[in-house]
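Below is one structure, written out as structure tokens; the observations come after it.
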Amino acid sequence: LNVIGVDIGGTNVRAGPVAGGHLGDVVRRFHDGTGSDKVPYQTLLDGVLSLIGELRGRVVCEAIGISVSGILSLDRSTIISNSQTDWVGRALAQDVAAITGLPAAMENDGNCATWAEYVSGVGRGVDPFALMTLGTGVGGGVVVGGRLALGSDGFAGEFGHICVETRAGLECPCGASGCLEQYASGRAIVGRYSSGPNGRFRETPGSRPPALSPGEGRTVEVRLARGLESGEPWAARVIEDAAAKIAIGVSAIVRVLDPPIIGIGGGAADLGAPLLTAIRQAVENYAGIDARRLRVQLRLARHREYAGIVGSALLAAERLLDHCPSEDRSP
Amino acid sequence: MLRRGRSYSRAQISRALKLTRSTVSAIAADLIQQGLVVEVGTATVGDRGGRPGANLALNPRGASFLGAEFSDDHVTVLGLALDGTEVVRSREEFNPGRSLEWIIQQLSRMVVQVRTENEAGLPSLRGLGISVPGMLHGDGRVTWLPGLHWQEFDIAGYLEQELDIPVIIENDANASAMAELLFGREDIPGDFLYLLLDSGVGSGIVVDRSLYRGADGSGGEVGHIRLDPTGPRCRHCGGSGCFEMMVNAEALVRYFRQAGGSGATAEQVVRFAREGNEAAAIALDRWTWWLSRGLASLIYVLNPGQVVLGGAFAGLLPDLSEELSTRLKAEGLPQTLDIRTSSFGEAGGAVGAAALVYQRMFRTPPLTDSDVLHQVERDISHPGAGS
């Protein structure tokens with residue numbers, strides 16, 4: 001039983017077949033060659049369909065799951081808010097289903113990654129469970145009672161907008177300032193590191209991390225990872241500061257949800273042990289005498305790059321095919 | 001299903017609960033014999049030509065429940081009838097500084113007095129619920145009240161021995177949330193967050209019509225999420241600038257002083273602000289700002305269907321829910337965000353504690369689990385809406 005998972009990212013779309021919790025070969029397609037900011041909806045749809053067509057030439061598929069960033073309507077049919085303005089108001093899953101003839105389900109990327117971890121990652125058997133993703137933005141998801149918790153408006157697990165800086169906080173496109181996303185997204189961390197100890201980033205309220213070209217982001221990440229390894233003070237400082245903000249977000253999740261384990265995923269999780277250690281340290285620093293109330297365990301997510309593909313496929317199986325996730329969870 | 005004074009025919013009940021007529025009749029007979037349910041009026045006619053019979057309704061006099069709440073300066077004890085109406089309330093005030101044991105003895109004495117004076121008003125008493133301004137730990141019987149410098153004390157065990165009735169103990173915010181769920185506005189959603197704003201700050205989170213406690217029982221203790229690392233140190237959690245330190249009664253007075261005002265209580269600052277005092281208005285604005293920042297963080301975790309504001313501040317600031325709603329929507333939260341003010345005033349904890357005794361009764365066989373009943377109630381109220 002194959003379900004195709006489709007992960008729509010900022011620069012590309014990737015897709016792969018998932019069967020029995022295992023991911024097959026992944027295919028990828030860039031939105032366009034120019035790295036332009038604006039991707040027309042039709043371009044996106046064509047890209048998604050061509051990848052699905054390619055995969056169906058190889059394996060028999062029963063359903064399609066789609067992972068996309070931004071806010072979805074509560075019935076998960078329509079994109080309500082996305083930095084790609086042309087995608088807003090579009091019923092992507094429905095369009096894909098109509099053309100492919102396969103049932104398709106769409107879910108927010110943080111929720112997909114959370115479900116992937118819950119079914120076959122660090123959240124396996126953990127309930128309640130939360131995953132915080134540190135990617136282009138900061139997101140995440142929540143599982144309560146064996147179900148993905150969407151909340152009353154689909155905002156549950158939007159950890160990127162937890163308030164972590166109340167004095168001269170950086171402005172966030174959401175309308176508030178001091179949102180976690182502005183300090184702890186992979187983009188913000190890499191941007192700050194890249195601007196150097198004397199950079200102006202963070203010193204000016206309202207400033208945004210510098211935009212990175214697709215290739216450059218990766219290079220800086222590698223430099224940051226190497227810097228952490230070799231004990232470079234600026235690299236350590238950048239991670240420490242981000243960890244301090246993440247710890248505030250963790251404290252909010254713990255106080256509301258009280259999960260035994262919180263997973264840390266997204267691109268920044270590739271920084272690995274140094275990041276995790278810094279977050280743990282920051283959580284401990286904040287906990288004070290009340291540490292017994294903050295004994296949450298923090299773990300790096302197991303599904304990284306392909307969390308969106310695996311999670312969306314597992315969710316599609318669950319929602320469209322009445323597929324019991326426990327089958328995948330059995331050892 | 002028969003809550004809130006509703007009455008239904010046996011046929012309506014059997015359809016809604018998907019039970020056979022004979023099962024419903026047997027259960028009804030049992031409940032009538034227990035005195036919990038009575039037949040009222042004549043049947044709603046037109047039920048597919050079924051044999052007419054009287055409608056069933058809860059018997060307000062079928063059972064009663066006591067609830068109590070206390071702080072370091074007062075104790076309130078009240079009694080509820082089976083239909084949720086308050087039949088008696090007693091409140092005593094005293095000077096702060098008493099020991100927890102003294103207050104609980106006081107409470108125990110008041111319960112005895114309330115029972116003696118209202119024997120007729122409290123038929124078939126099912127138990128006493130206690131709303132506690134602090135954390136419960138262990139098996140939920142032992143209390144830890146660091147804010148009031150009280151240590152561990154088995155309140156429930158002590159009172160059960162003294163009073164010889166079942167005693168349930170619950171944190172005040174959780175108890176208040178139960179009051180909203182079981183006896184509050186009818187349109188309350190199954191998922192909501194109750195935020196208690198008083199000298200302390202706490203919350204009760206309801207998910208799928210049940211109190212949400214998290215993995216080890218500390219879910220919903222939102223008073224200690226971190227807001228301002230440069231803020232004052234909290235004597236409860238040990239951290240700086242937690243939600244509670246930024247928005248409790250003390251915080252409002254602090255902002256008032258920072259804005260140039262001098263020595264006042266939170267109540268006075270609110271009154272000064274209304275009278276046009278500039279420092280008080282600045283203080284109140286700052287307080288509301290912190291409240292909206294903290295509340296936003298909570299909403300981004302579980303996105304409850306409604307936020308209910310309770311505690312002393314909810315009573316002092318009738319416009320608070322609207323003000324917060326406006327601020328939060330401007331800060332990116334959903335336009336459908338629904339913030340309300342509690343309908344129980346400061347007795348919410350006591351009503352909720354009694355509600356817990358009520359709920360425990362209905363969770364006991366042979367009645368169906370109350371969660372199922374609530375679903376059924378929705379189906380009946382909105383025919384055709386559910387499956």
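We name chains A, B, ... by the order of the sequence lines, and we start the count at 1 in each one. Just so it is clear, the model here is predicted, and its values are computed rather than measured.
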Looking only at heavy atoms and a cut-off of under 4.5 Å, which of Gly332(B), Gly305(B), Pro304(B), Pro334(B) has the most pairs with chain A?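 When all of Gly332(B), Gly305(B), Pro304(B), Pro334(B) are compared, Pro334(B) has the most.
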Structural part of Ala296(B) lying under 4.5 Å from a heavy atom of chain A: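 Answer is neither: Ala296(B) stays 4.5 Å or more from chain A.
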If I measure from the heavy atoms of chain A, does Ser292(B) come under 4.5 Å with its side chain, its backbone, both, or neither?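 Neither part.
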For residues 126-151 of chain A, which side-chain donor-acceptor pairs fall under 3.5 Å, sequence neighbours excluded?
residue	atom	partner	partner atom	Å
Asp127(A)	OD1	Gly145(A)	N	2.9
Asp127(A)	OD2	Gly145(A)	N	3.2
Asp127(A)	OD2	Gly146(A)	N	2.7
Thr133(A)	OG1	Gly139(A)	N	3.2
Thr133(A)	OG1	Gly139(A)	O	3.4
Arg147(A)	NH2	Asp208(B)	OD2	3.0

Which pairs with one or both residues in residues 74-92 of chain A pass salt bridge (Lys or Arg N to Asp or Glu O under 4.0 Å), sequence neighbours excluded?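 Checked against salt bridge (Lys or Arg N to Asp or Glu O under 4.0 Å) - neighbours excluded - the pairs reaching residues 74-92 of chain A are Arg76(A)-Glu107(A), Asp86(A)-Arg90(A).
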Shortest non-hydrogen contact between Arg226(B) and Ser251(A), atoms and distance: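 What the structure gives for the nearest pair is N-OG, 3.3 Å.
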Are any non-hydrogen side-chain atoms of Ile248(A) and Pro229(B) less than 4.5 angstrom apart?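 Touching, per the 4.5 Å side-chain cut-off.
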Rounded distance (nearest 0.5 Å) linking atom [atom1] of [X] with atom [atom2] of [Y]:
X	Y	atom1	atom2	answer
Leu257(A)	Ile205(B)	CG	CD1	8.0 Å
Met246(B)	Thr166(A)	CE	OG1	6.5 Å
Arg255(A)	Ser297(B)	CZ	OG	13.5 Å
Phe155(A)	Ile299(B)	CZ	CD1	10.0 Å
Ile162(A)	Leu227(B)	CD1	CG	11.0 Å

Parallel, tilted or perpendicular: ring planes of His161(A) versus Tyr300(B), cut at 30 and 60 degrees: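 Ring orientation, 0 to 90° scale: tilted.
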Determine, step by step, whether Arg167(A) and Asp228(B) satisfy the side chain to side chain contact (heavy atoms under 4.5 Å, CB included) criterion, reporting the C-alpha distance in whole Å, the side-chain angles of both residues, the deciding distance to 0.1 Å, and the verdict. CA-CA 8 Å; Arg167(A) 314 221 173 239; Asp228(B) 181 13; 2.4 Å; yes
Look at Gly175(A), Gly154(A), Cys163(A) and state which one has the largest set of heavy-atom pairs under 4.5 Å with chain B.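 The option with the most such pairs is Cys163(A).
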If I measure from the heavy atoms of chain B, does Ser81(A) come under 4.5 Å with its side chain, its backbone, both, or neither?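 The answer is neither part of Ser81(A).
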In terms of heavy-atom contacts, does CD of Gln258(B) have more than 12 from other residues, nucleotides or ligands at under 6.0 Å?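 Yes, the 6.0 Å shell around CD holds more than 12 heavy atoms from other groups.
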Would Ser152(A) and Asn303(B) count as having a side-chain donor-acceptor pair, cut-off 3.5 Å?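 Ser152(A) vs Asn303(B): no donor-acceptor pair found between side chains.
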Heavy-atom contacts under 4.5 Å, residues 284-291 of chain B to chain A: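 Within residues 284-291 of chain B, near chain A: Trp289(B), Trp290(B).
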Checking Thr85(A) now: which residues fulfil side chain to side chain donor-acceptor pair (under 3.5 Å) with it, not counting sequence neighbours?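 So Thr85(A) forms no side chain to side chain donor-acceptor pair (under 3.5 Å) with any residue.
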